[in-house]
S.K.: 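Could you have a look at this structure, given as structure tokens, before my questions?
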Number of protein chains: 2
Amino acid sequence: MSKLTTQRQAILDVINSSNRHWDADELTRSLSDAGKPIGIATVYRGLAALEAQGLIHSIQLADKKRYERADKEHHDHMVCTQCGHIEEFSHQTIEQLQQAAAHEKNFKLTGHQLVMFGLCSGCQQE
Amino acid sequence: MSKLTTQRQAILDVINSSNRHWDADELTRSLSDAGKPIGIATVYRGLAALEAQGLIHSIQLADKKRYERADKEHHDHMVCTQCGHIEEFSHQTIEQLQQAAAHEKNFKLTGHQLVMFGLCSGCQQE
DNA sequence: GGCATAACGATAATCGTTATCACTGTGGTG
DNA sequence: CACCACAGTGATAACGATTATCGTTATGCC
Ligand SMILES: [Mn+2]
Ligand SMILES: [Mn+2]
Ligand SMILES: [Zn+2]
Ligand SMILES: [Zn+2]
């Protein structure tokens, strides 16, 4: 298991201190702005290490990967195609039905990602 | 509405003549091998045009986009993380519950993508 | 036939991510 | 304490998928 270096702790702190879904570049800039400059390669390696240790979670969007804190219950995401806002939701029955569907196809499930696209409540006002 | 040129018809024919999920490069090579060389940029533009017209569908995987025929009932995908095999499944209840979840968050749903990761039946035999 | 226009194709550019590599910090070991 | 091993760092090159550019080509219409 890799170690929790100063840089990785700093990344983890930023992520854990908010409910945002961060990309690598945003984290790099946030740390720079906070007076803790960090190499972009270090950010990518740190994110991979932190995720491997289960300390953060990620969602793979069309263009890039976004990371969020891991200390929340499992949830899936609705992404606003207008403003990029990410809404979270949990649905226990959907989770169960996924297991059932996998079982039926003889598929050994290790993970899943459900992303819904559309307009957030704010963006419907126009 | 863009036109269905010779090149786009050729792309559509390849996709419609199989149940595979194609990426741009595979299509380019397939057409070349069939004696119908086509520029890679033309493939990308053609795929975008065909999808905009609803003639093909796509799924966005981590690294690349894959295209498939649109003349099948809506379904979601299980992707084998070992061999890349893509298994399809439909689940009416999951679809309905997604609508309900969106409604509950005041989210105007326009699309979704559910991908399950794991091992296909073949890859569990080891 | 001549024109307008959309599409084509070669290729440059873009962008997120990973690989390389010289260098640094840390944690044992003698 | 001095020395080593080695994972991690950071600048930067490389990569791969996709998009932009731009001169050329095909098509439909007058
Ligand atoms: Mn989330
Ligand atoms: Mn499919
Ligand atoms: Zn929005
Ligand atoms: Zn498999």
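Bear in mind the structure is a predicted one, so any value in this text is a computation, not a measurement. Protein chains get the first letters and strands the later ones, always in sequence-line order, with residue 1 at the start of each.
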S.K.: Which pairs of donor and acceptor atoms, one on a side chain in residues 78-85 of chain B, lie under 3.5 Å apart (sequence neighbours left out)?
M.R.:
from, atom 1, to, atom 2, distance (Å)
B:T81, OG1, B:G118, O, 3.2
B:H85, NE2, B:E87, OE1, 3.0

S.K.: Mind checking what makes ring-ring contact (aromatic ring centres under 6.0 Å, His included) contact with A:H91, not counting sequence neighbours?
M.R.: none
S.K.: Just checking A:H75: does its NE2 atom have more than 12 heavy atoms from other residues, nucleotides or ligands closer to it than 6.0 angstrom?
M.R.: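 Yes, enclosed.
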S.K.: Between P on C:dT17 and CG on A:L61, what's the gap in Å once rounded to a whole number?
M.R.: 10 Å
S.K.: Could you pull out all residues at least two apart from A:K36 that satisfy salt bridge (Lys or Arg N to Asp or Glu O under 4.0 Å)?
M.R.: none
S.K.: Tabulate atom names and distances for all N/O pairs under 3.5 angstrom spanning the protein and nucleotides 22-24 of chain C.
M.R.:
none

S.K.: Under the salt bridge (Lys or Arg N to Asp or Glu O under 4.0 Å) rule, collect the residues that match up with A:D71, sequence neighbours excluded.
M.R.: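 Residues passing salt bridge (Lys or Arg N to Asp or Glu O under 4.0 Å) with A:D71: A:R69.
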S.K.: Donor-acceptor pairs under 3.5 Å, side chain of residues 10-17 of chain A to any protein atom, not counting sequence neighbours: which ones?
M.R.:
from, atom 1, to, atom 2, distance (Å)
A:D13, OD1, A:Q9, NE2, 2.9
A:S17, OG, A:D13, O, 3.1
A:S17, OG, A:V14, O, 2.9

S.K.: NZ of A:K36 versus C1' of D:dT9: gap in Å, rounded?
M.R.: 17 Å
S.K.: Going by heavy atoms closer than 4.0 Å, what residues in residues 14-31 of chain A are next to DNA chain C?
M.R.: none
S.K.: Once you round it to whole Å, what is the distance between C1' of D:dG28 and CG of B:L4?
M.R.: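 It is 16 Å, rounded to the nearest whole Å.
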S.K.: How would you list, by chain and number, every residue that makes a salt bridge (Lys or Arg N to Asp or Glu O under 4.0 Å) with B:D23, sequence neighbours excluded?
M.R.: B:K64, B:R66
S.K.: Which residues satisfy the side-chain hydrogen bond (donor to acceptor under 3.5 Å, both in side chains) test with A:Q53, sequence neighbours excluded?
M.R.: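 For A:Q53, the residues satisfying side-chain hydrogen bond (donor to acceptor under 3.5 Å, both in side chains) (neighbours in sequence not counted) are A:S2.
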S.K.: Using a cut-off of 4.0 Å between protein heavy atoms and nucleotide atoms, how would you tag nucleotides 5-16 of chain C 5' to 3' with B, S and -?
M.R.: -SSBBBB----S
S.K.: Who passes side-chain hydrogen bond (donor to acceptor under 3.5 Å, both in side chains) against A:Q113, sequence neighbours left out?
M.R.: none
S.K.: B:K108: what forms a salt bridge (Lys or Arg N to Asp or Glu O under 4.0 Å) with it, not counting sequence neighbours?
M.R.: none
